[in-house]
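In what follows, a single structure is set out as structure tokens and then discussed.
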Amino acid sequence: MDRLPAARRFVRRFVAGPALEDALGVAARLNADGVDAAITHLGENVVTIADAARAADAYLEVLDETARRRLGAVPSLKLTHLGLDLGDDACRANLERVAARGLAARTLVWIDMESSAYTDRTLDLYGRLHPTYSNLACVVQSYLRRTEQDVEGLIEIGATVRLCKGAYREPPQLAFPDKRDVDLSYARSLDRLLSADALARGVYPAFATHDERLIGRAREQARAGGVAADRYEVQMLYGIRHDLHAPLRSAGLRLRVLVPYGEDWYGYFMRRLAERPANLAFFFRQVFRG
Ligand SMILES: Cc1cc2nc3c(=O)[nH]c(=O)nc-3n(C[C@H](O)[C@H](O)[C@H](O)COP(=O)(O)OP(=O)(O)OC[C@H]3O[C@@H](n4cnc5c(N)ncnc54)[C@H](O)[C@@H]3O)c2cc1C
């Protein structure tokens with residue numbers, strides 16, 4: 001796929017480019033339109049301590065460069081990129097390096113949620129580091145049956161939480177197989193995260209979805225509860241539903257777009273293809289035409 005120009009072009013629809021400079025350029029353009037960015041250096045499941053340390057170094061560079069250029073952009077990282085498969089201690093040390101630099105720069109650091117094999121360890125590490133690094137933010141996935149319970153635990157500690165639907169293949173014992181149940185679960189967690197009780201505890205929710213009905217629900221709940229526009233945000237992925245940016249911004253919503261960059265795009269790209277069969281058809285048409 002790397003060698004086919006048509007495939008590379010299609011990957012670029014979802015990935016800013018191979019270098020940090022590409023992501024910073026996209027972030028600057030988003031900022032100019034009043035949209036914040038979250039920058040992801042692509043990579044996951046590293047198998048050496050050196051690779052995990054290099055991933056953390058890349059995020060330090062993200063923090064330094066966004067501060068130097070005064071960009072509205074924060075890192076969003078994966079723990080298996082920072083070495084979670086190599087042990088909690090190695091990963092924690094790398095995460096603390098990034099979290100400390102972020103804290104000094106008053107910048108949030110989002111910890112993405114990966115497959116259910118990592119949910120406990122990710123939330124556990126988040127819970128242990130949150131008292132020291134209040135700038136750490138975590139993610140929950142509405143497709144998991146456990147998530148409503150996890151949301152209650154996160155409300156208790158006043159967490160900064162991204163709510164997404166979930167992007168990994170999971171067994172039915174753990175995740176709702178029916179999309180309608182995933183959406184209903186999303187709506188219930190959204191209501192809880194925007195409740196007066198959650199906000200009073202310091203919760204800052206981010207609704208990561210391109211689903212217009214759910215974005216509408218967040219706006220409606222916020223309006224009904226008198227929640228100020230700066231107490232929550234909507235998040236989207238680079239290359240998806242760009243047409244919604246301007247209307248959401250004009251309506252006064254805080255919007256952040258996650259911008260991935262790097263060479264290791266395969267896993268991320270495949271998840272974007274799998275989310276939408278139409279992407280796959282479009283991809284093959286482009287490749288064969290190319
Ligand atoms: C900022 C952000 C961070 C995320 N972080 C994580 C994470 O940490 N862990 C995790 O598991 N998942 C994460 N995700 C992915 C998420 O779980 C979903 O897989 C993804 O957002 C698609 O679901 P949806 O909420 O947009 O709803 P859907 O119901 O899947 O889609 C709603 C509409 O959005 C559009 N759309 C959605 N996906 C695509 C696509 N791939 N291509 C083109 N159009 C599309 C379509 O118009 C579709 O009708 C994140 C998503 C966002 C936006």
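Computed from a prediction, not measured in an experiment: that's the story for all the values here. Order of appearance sets the numbers: ligands from 1, and atoms from 1 within every ligand.
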(message) Quick check on contacts: which atoms of ligand 1 are under 4.0 angstrom from a heavy atom of Gln141?
(response) 9 (N), 10 (C), 11 (O)
(request) Note the single closest protein heavy atom to atom 42 (N) of ligand 1, along with its residue, its atom name and the distance in Å. (result) Asn279 ND2, 2.7 Å
(request) With heavy atoms of Asp112 as the reference, note each atom of ligand 1 found under 4.0 Å away. (result) 8 (O)
(message) With a 4.0 Å cut-off on N to O distance, would you call Asp124 and Arg128 a salt bridge?
(response) yes
(request) Would you mind checking which non-hydrogen protein atom is closest to atom 36 (N) of ligand 1, with the distance to 0.1 Å? (result) Ile240 CG2, 3.7 Å
(request) State whether Arg256 and Glu233 are salt-bridged, where the test is any N-O pair (Lys NZ or Arg NE/NH1/NH2 against Asp/Glu carboxylate O) under 4.0 Å. (result) yes
(message) As an exercise, identify every atom of ligand 1 less than 4.0 angstrom from a heavy atom of Arg241.
(response) 47 (O)
(message) I'd like to know if Glu275 and Lys165 make a salt bridge, using a cut-off of under 4.0 Å between side-chain N and carboxylate O.
(response) no
(request) Indicate yes or no: does Asp183 engage Lys179 in a salt bridge with an N to O separation below 4.0 Å. (result) yes
(request) Would you mind checking if Arg188 and Asp191 are paired as a salt bridge, meaning a charged N to carboxylate O distance below 4.0 Å? (result) no
(request) Pick whichever of Arg272, Lys165, Arg271, Glu233 has a heavy atom sitting closest to atom 15 (C) of ligand 1. (result) Arg272
(request) Give the residue and atom name of whichever protein heavy atom lies nearest to atom 20 (C) of ligand 1, and the separation in Å to one decimal. (result) Glu275 OE2, 3.4 Å
(message) Going by the closest heavy atom to atom 52 (C) of ligand 1, which one wins out of Leu237, Asp183, Val259, Leu163?
(response) Leu237
(message) I need the nearest protein heavy-atom contact for atom 33 (C) of ligand 1: residue, atom name and distance, please.
(response) His210 O, 3.8 Å
(request) Give the numbers and elements of all ligand 1 atoms closer than 4.0 Å to a heavy atom of Gly166. (result) 11 (O), 16 (C), 17 (O), 19 (O)
(request) Specify the protein heavy atom at minimum distance from atom 46 (C) of ligand 1: its residue, its atom name, and the distance to 0.1 Å. (result) Arg276 NE, 3.8 Å
(message) Between Asp88 and Arg92, does any NZ, NE, NH1 or NH2 come within less than 4.0 Å of an OD or OE carboxylate oxygen?
(response) no
(request) Measure from the side-chain N and O atoms of Thr147 to the backbone N and O of Arg145, and report whether any donor-acceptor pair falls under 3.5 Å. (result) no
(message) So that I can tick it off, tell me whether Glu156 and Arg201 are bridged by a salt bridge, with the cut-off set at under 4.0 angstrom between side-chain N and carboxylate O.
(response) no
(message) Starting from atom 25 (O) of ligand 1, what is the nearest protein heavy atom, named by residue and atom, and what distance separates them?
(response) Thr209 OG1, 2.6 Å
(message) Does the protein place a non-hydrogen atom closer than 4.0 angstrom to atom 48 (C) of ligand 1?
(response) no
(message) Show the atoms of ligand 1 that are less than 4.0 angstrom away from any heavy atom in Lys179.
(response) 29 (O)
(message) Quick one, Leu193 and Phe207 - any side-chain contact, counting heavy atoms below 4.5 Å?
(response) yes
(request) Give the numbers and elements of all ligand 1 atoms closer than 4.0 Å to a heavy atom of Tyr168. (result) 11 (O)
(message) Students should be able to answer this: which protein heavy-atom is nearest to atom 9 (N) of ligand 1, and at what distance?
(response) Met113 O, 2.7 Å
(message) Under 6.0 Å from the ring centre and within 45 degrees of the ring axis: does the NZ or CZ of Arg272 meet both conditions for the six-membered ring of Tyr268?
(response) yes
(request) May I ask you to identify, for Arg162, whether its side chain, its backbone, both or neither come under 4.0 Å of ligand 1 on a heavy-atom basis? (result) side chain
(request) Report yes or no: does Arg54 contribute a side-chain atom to a donor-acceptor pair with the main-chain N or O of Ala58 at less than 3.5 Å? (result) no
(request) Scan the protein's non-hydrogen atoms and note whether one is under 4.0 Å from atom 28 (P) of ligand 1. (result) yes
(message) So if I count the atoms of ligand 1 from 1 in the order they appear, which ones are less than 4.0 Å from some heavy atom of Ala167?
(response) 10 (C), 11 (O), 12 (N), 17 (O), 19 (O)
(message) Run the side chain to side chain donor-acceptor pair (under 3.5 Å) test on Asp211 and Tyr186 for me, step by step, so that the C-alpha distance in whole Å, both residues' side-chain angles and the decisive distance to 0.1 Å come before the verdict.
(response) CA-CA 11 Å; Asp211 186 328; Tyr186 194 109; over 6 Å; no
(message) Among all protein heavy atoms in this structure, tell me which lies nearest to atom 6 (C) of ligand 1, with the distance rounded to 0.1 Å.
(response) Cys164 SG, 3.8 Å
